[in-house]
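What you see is a predicted model; the values in this text were computed from it and never measured.
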Amino acid sequence: MGDQAASAENDLVRRLLDGDEPAFDILVRQHHGAMMRVARGFISKPDVAEEVVQETWLAVLKGLTAFEGRSSLKTWIFHILANRARSRATREGRVVPFADLTPAGDEGRDPTEELPFTPTGSWGEPPAPWQVDTPEAIVLRREAVDQLQGALTALPPAQRTVVILRDLEGLDAAEVCNILQISETNQRVLLHRARTRLRKALDGVLGHRA
């Protein structure tokens, strides 16, 4: 987190501790949607996921005085959310197998083998660029967004949760491993498999247009 972002976060935390309701509204607008998507990675029922998110917000308000800033506020909030979602899923007998990722016969294989990404997560073969100022490009962008949204929804829950935290929320690998209580290898496998599916969805719309 840069100095400016850290300063803005510290100011937000101070306002929250002072009981500033507009500050809490800002926090909810920033994270509620993503929290719902992550909760759905653990819990299939939307109403139950919503309950977990609301419980998380209450826990955030009650526990804010204990926030020490050793992680970002976002990471702290998502850690609380994941713990509560995991506990709720366990009570309902449905636990997402984040840690059980090695299919039979895959032992010893490189988890990133044959995937179009480098070990650091960047594109091994970037999508073809598209012009931003033509009517065709505008239509393609809309189609691509729709296609990607559909592909994201269709991902297995564990893959969807990891790619949301990494690529939509901007958390780093260590933060995601801590939040989801998974190993770095499992995080990388989930992320790369999710990105591969999303890449295929994008290719289906753009068709590698140059």
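In this structure, E184 contributes its side chain and C177 its backbone to no donor-acceptor pair below 3.5 Å.
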Stepwise side-chain contact (heavy atoms from CB on, under 4.5 Å) check, R195 with D167: CA-CA 9 Å; R195 285 176 171 172; D167 291 344; 2.7 Å; yes
Verdict with supporting geometry, L180 and L165, side-chain contact (heavy atoms from CB on, under 4.5 Å): CA-CA 10 Å; L180 300 180; L165 291 173; 4.1 Å; yes
Full working for side-chain contact (heavy atoms from CB on, under 4.5 Å) between R86 and R91: CA-CA 9 Å; R86 188 180 295 108; R91 290 202 304 271; over 6 Å; no
Audit row: V176, L191, side-chain contact (heavy atoms from CB on, under 4.5 Å) steps and yes/no: CA-CA 10 Å; V176 173; L191 179 63; over 6 Å; no
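By the 4.5 Å heavy-atom criterion applied to side chains, P46 and R40 are counted as neighbours. Counting heavy atoms from C-beta outward, Q181 and N83 have side chains that approach closer than 4.5 Å. Considering only heavy atoms from C-beta on, P156 stays 4.5 Å or farther from R193 through its side chain. Put simply, the side chain of L155 reaches to within 4.5 Å of the side chain of L198, judged on heavy atoms. Between E169 and R37 there is a side-chain heavy-atom pair separated by less than 4.5 Å. Residues W76 and V60 have side chains in contact (heavy-atom distance under 4.5 Å, counting atoms from C-beta outward). Between L12 and Q30, the closest side-chain pair of non-hydrogen atoms falls below 4.5 Å.
Of all heavy-atom pairs between A194 and V163, the closest is CB-CB, 3.9 Å. The minimum heavy-atom distance linking M35 with L81 is given by the pair O-CD2, 3.5 Å. Of all the heavy atoms in V53 and A39, the pair that sits closest is CG2-CB, 4.0 Å. The two residues G41 and T161 have their closest heavy-atom pair at CA-OG1, 3.3 Å. Contact record, A82 with I179: CB-O, 3.4 Å, taken as the closest heavy-atom pair. Residues I80 and A59 share a closest heavy-atom pair of CG2-CB, 4.0 Å.
Between N10 atom CG and L73 atom CG the span is 9.5 Å, to the nearest 0.5 Å. Between the CD1 atom in I43 and the CZ atom in R84 there is a gap of 11.5 Å [rounded to 0.5 Å]. Atom CD of E50 sits about 4.5 Å away from atom CD of Q54, to the nearest 0.5 Å. Atom OG in S71 sits 8.5 Å away from atom NE2 in H79 (nearest 0.5 Å).
The hydrophobic clustering, which links ILVMFWY residues whose side-chain heavy atoms are closer than 4.5 Å, places L168 and I182 together. Side-chain heavy atoms closer than 4.5 Å link hydrophobic residues (I, L, V, M, F, W, Y) into clusters, and following such links, even through other members, never connects I26 to I77. One hydrophobic cluster, built from ILVMFWY side chains closer than 4.5 Å, holds both V28 and F67.
Checked against side chain to side chain donor-acceptor pair (under 3.5 Å), E21 has no partners two or more places apart in sequence or in another chain. Not counting sequence neighbours, the partners of R14 by the side chain to side chain contact (heavy atoms under 4.5 Å, CB included) test are D11, D18.
When only modelled atom types and interatomic distance are considered, T75 and S72 share a side-chain donor-acceptor pair under 3.5 Å. Side-chain N/O atoms of R166 and Q187 include a donor and acceptor closer than 3.5 Å.
Remark: R88 engages E51 in a salt bridge, criterion side-chain N to carboxylate O under 4.0 Å.
Annotation: ring-ring contact (aromatic ring centres under 6.0 Å, His included) contacts involving residues 12-31, sequence neighbours excluded, comprise F24-W57.
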